[in-house]
2 protein chains.
Amino acid sequence: MSSNPEGTEARPRRLRRQERREQILDAATRAFAKAGGFTPTNLDDVAAESGVTRMILYRHFDSKTDLYRAVLDRAALRLHAAATSGGELGDHSVAGMLRWASDDPDAFRLLFHHAAREADFRDDVDGVREAMVAALLPHMEKVAVSEQWAAWAANLATTTVIEAIMAWLDAGRPDEDEAVDRVLRAVDGIYQAVVPATP
Amino acid sequence: MSSNPEGTEARPRRLRRQERREQILDAATRAFAKAGGFTPTNLDDVAAESGVTRMILYRHFDSKTDLYRAVLDRAALRLHAAATSGGELGDHSVAGMLRWASDDPDAFRLLFHHAAREADFRDDVDGVREAMVAALLPHMEKVAVSEQWAAWAANLATTTVIEAIMAWLDAGRPDEDEAVDRVLRAVDGIYQAVVPATP
DNA sequence: TGATGAGTATATTCAGACGTATACTTAATG
DNA sequence: CATTAAGTATACGTCTGAATATACTCATCA
């Protein structure tokens, strides 16, 4: 059970398949985020960031598209897990999302600032988004003046959560707990925007 | 002064330089918006949309980049004009922006959903954005608990205006006048999110 | 110790798309 | 009518980057 007797292994060049795969996904997330999405990133960038030859990327993923999908799917899965760790989607999800965004800002940006705008990949992201919209819609329908405005509000509130977190990252991530509260208050503003009348 | 005596000219194939240039910019705006930004759009798409050969694009613009810049600059100029038609930037700007977005949704989407994420072109858009942020910042600083949160709020409010208008386009553009009011109320929610305390 | 498989190194193929060159057509205008 | 300039048609050069092929190195482990 001690196949690695050395005390401080410098950095093992040979990883087992699964480990290397994860490492590549980590590096690819950084590379894709830095360059700004699928097209502007080339496989040499990813290979360099992974500390590995371009060839080996093909031993783990069929194509650049396949790799990108794997990156996005893993990120979406993790975000979904973070948002539903306390049960269903709801107010508490904001805390989970914000914490996850803080842990992996590259993945967060990649999902919502790049993949969301890429025709071939938006579907890989929209699962999460649609779940958020669906969770918000009933609440909006309760207060909104019409179905049409309720749909508008549910979409905008979802976007607001995402962009509020993004802006928080950009602002230097002050006061994590307070941030959750402020994001929720911003969302509350969307509610106030679709109630029938303001006398 | 009557060089075109025909009653109903079908469609004049030869336009004067300036007219053709404008027509190409119109078509290019549609083509770039439809394909989703600079990279995924090729010049054949633009040529087809313009009803013109690819060759002639080069008689009006030095390069694809030059053409794209011209499209973005014109759009940004028009948006700025729409937002400041009533003087300085302020609450009334929302009405102007919303009307312009309604008139030219392709240009609006191109600016804020595509060019804003493209490394080589974001600067061509950020002029407008930065002006909005700058206009909002003093107001935020008056109410916000700290400088950092004021900056966060100014950025988020700007994004909210843009995304609220985008969501309004997606929702089928109901009630233009009401829409302006609702967008402003959503922005008001951002103010409420950064005031010092909520007893 | 010998087979396995992770990783390297280098060369090559292939496709898409920007950009250029060239020869031809035809409307507009003095 | 003759010149000019807008536009067409087609082919070509070139570069980037994805994907494949092949031969080699060397840990690891049964």
Side-chain angles (χ1 to χ4, degrees), chain A residues 1-6 9-28 31-32 34-71 118-121, chain B residues 1-6 8-25 27-28 31-32 34-71 118-121:
Chain A
M1 205 166 286
S2 63
S3 60
N4 197 355
E6 292 88 47
E9 76 228 87
R11 74 207 83 112
R13 289 181 185 163
R14 303 282 158 91
L15 299 183
R16 276 185 297 278
R17 195 169 170 75
Q18 202 56 29
E19 294 171 286
R20 178 65 76 188
R21 186 190 156 93
E22 288 298 311
Q23 186 212 317
I24 291 174
L25 287 174
D26 291 342
F32 280 120
K34 187 182 305 176
F38 183 75
T39 311
T41 311
N42 64 39
L43 288 182
D44 284 323
D45 298 337
V46 178
E49 185 77 38
S50 307
V52 137
T53 312
R54 215 179 65 232
M55 280 305 306
I56 199 176
L57 299 179
Y58 285 102
R59 303 228 182 135
H60 290 268
F61 302 94
D62 289 344
S63 65
K64 185 187 179 188
T65 300
D66 186 46
L67 169 59
Y68 196 56
R69 283 239 153 77
V71 168
E118 292 166 330
D120 295 343
F121 303 101
Chain B
M1 206 167 289
S2 62
S3 59
N4 196 355
E6 292 90 47
T8 59
E9 75 226 87
R11 73 207 87 110
R13 289 181 186 165
R14 302 286 159 91
L15 299 182
R16 274 185 297 279
R17 195 169 171 77
Q18 202 56 29
E19 295 172 285
R20 179 64 78 188
R21 186 190 156 92
E22 288 298 310
Q23 186 212 316
I24 290 175
L25 287 175
F32 280 120
K34 188 182 305 177
F38 183 75
T39 311
T41 311
N42 64 39
L43 288 182
D44 284 322
D45 298 337
V46 177
E49 185 76 38
S50 306
V52 136
T53 313
R54 215 180 68 230
M55 281 304 306
I56 199 177
L57 299 179
Y58 285 101
R59 302 226 183 137
H60 290 267
F61 303 93
D62 288 344
S63 65
K64 186 188 179 186
T65 300
D66 186 45
L67 169 58
Y68 195 57
R69 283 239 152 77
V71 167
E118 293 166 330
D120 295 344
F121 303 101

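Chain letters run A, B, ... following the sequence lines, proteins first, then strands; residues in each count from 1.
Between A/R20 and C/dA6 there is no side-chain polar atom (N or O) within less than 4.0 angstrom of OP1 or OP2.
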Inset, instruction - Take A/V46 and A/V52 through the test side-chain contact (heavy atoms from CB on, under 4.5 Å) and record every step on the way to the result. - result: CA-CA 9 Å; A/V46 178; A/V52 137; over 6 Å; no

Inset, instruction - Let me see the working for B/T41 and B/Y68 under side-chain contact (heavy atoms from CB on, under 4.5 Å), right down to the final yes or no. - result: CA-CA 10 Å; B/T41 311; B/Y68 195 57; over 6 Å; no

Legend entry - side-chain contact (heavy atoms from CB on, under 4.5 Å) evaluation trace for B/R21 with B/Q18: CA-CA 5 Å; B/R21 186 190 156 92; B/Q18 202 56 29; 4.0 Å; yes

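Counting to the nearest Å, the P atom of D/dG17 and the CZ atom of A/F38 are 13 Å from each other. Counting to the nearest Å, the P atom of D/dA18 and the CG atom of A/L67 are 11 Å from each other. We find that CZ of B/F61 is positioned 14 Å from P of D/dA6, with the value rounded to whole Å. Rounded to an integer number of Å, the gap from A/D44 CG to D/dA18 P is 7 Å. Nucleotide C/dC18 holds its C1' atom 14 Å from the CG atom of B/D66, rounded to whole Å. As rounded to whole Å, 17 Å separates atom P of D/dG17 from atom OH of A/Y68. Atom CG in A/L57 sits roughly 13 Å away from atom C1' in C/dA6 (whole-Å rounding). In this entry the distance linking CD1 of A/I56 with C1' of D/dT20 reads 16 Å, nearest Å.
A/S50 comes within 4.0 angstrom of no nucleic acid atom, judged by non-hydrogen atoms across all strands. Note on A/T65: nothing from the nucleic acid sits closer than 4.0 angstrom, heavy atoms only.
Closest approach of A/H60 to A/R20, counting heavy atoms only: NE2-CG, 3.6 Å.
Between the side chain of A/E118 and the backbone N or O of A/F38 there is at least one donor-acceptor pair closer than 3.5 Å.
Closest to the side chain of A/R16, from the set D/dA19, C/dT8, D/dC29, is D/dC29. Side chain of A/M55, nearest nucleotide from D/dA23, D/dT20, D/dA9: D/dT20. When distances are taken from the side chain of A/R17 to each of C/dA11, C/dA6, C/dT20, the shortest belongs to C/dA6. Picking from C/dT8, C/dT20, D/dT20 the nucleotide with the shortest atom distance to the side chain of A/Y58 gives D/dT20. Of the candidate nucleotides C/dG19, D/dA9, D/dA19, D/dA19 has the atom lying nearest to any side-chain atom of A/K64.
Two residues, A/N42 and B/H60, neighbour DNA chain D, and the one matched to the more 5' nucleotide by heavy-atom proximity is B/H60. Nearest-nucleotide positions on DNA chain D for A/R59 and A/R54 put A/R54 closer to the 5' end.
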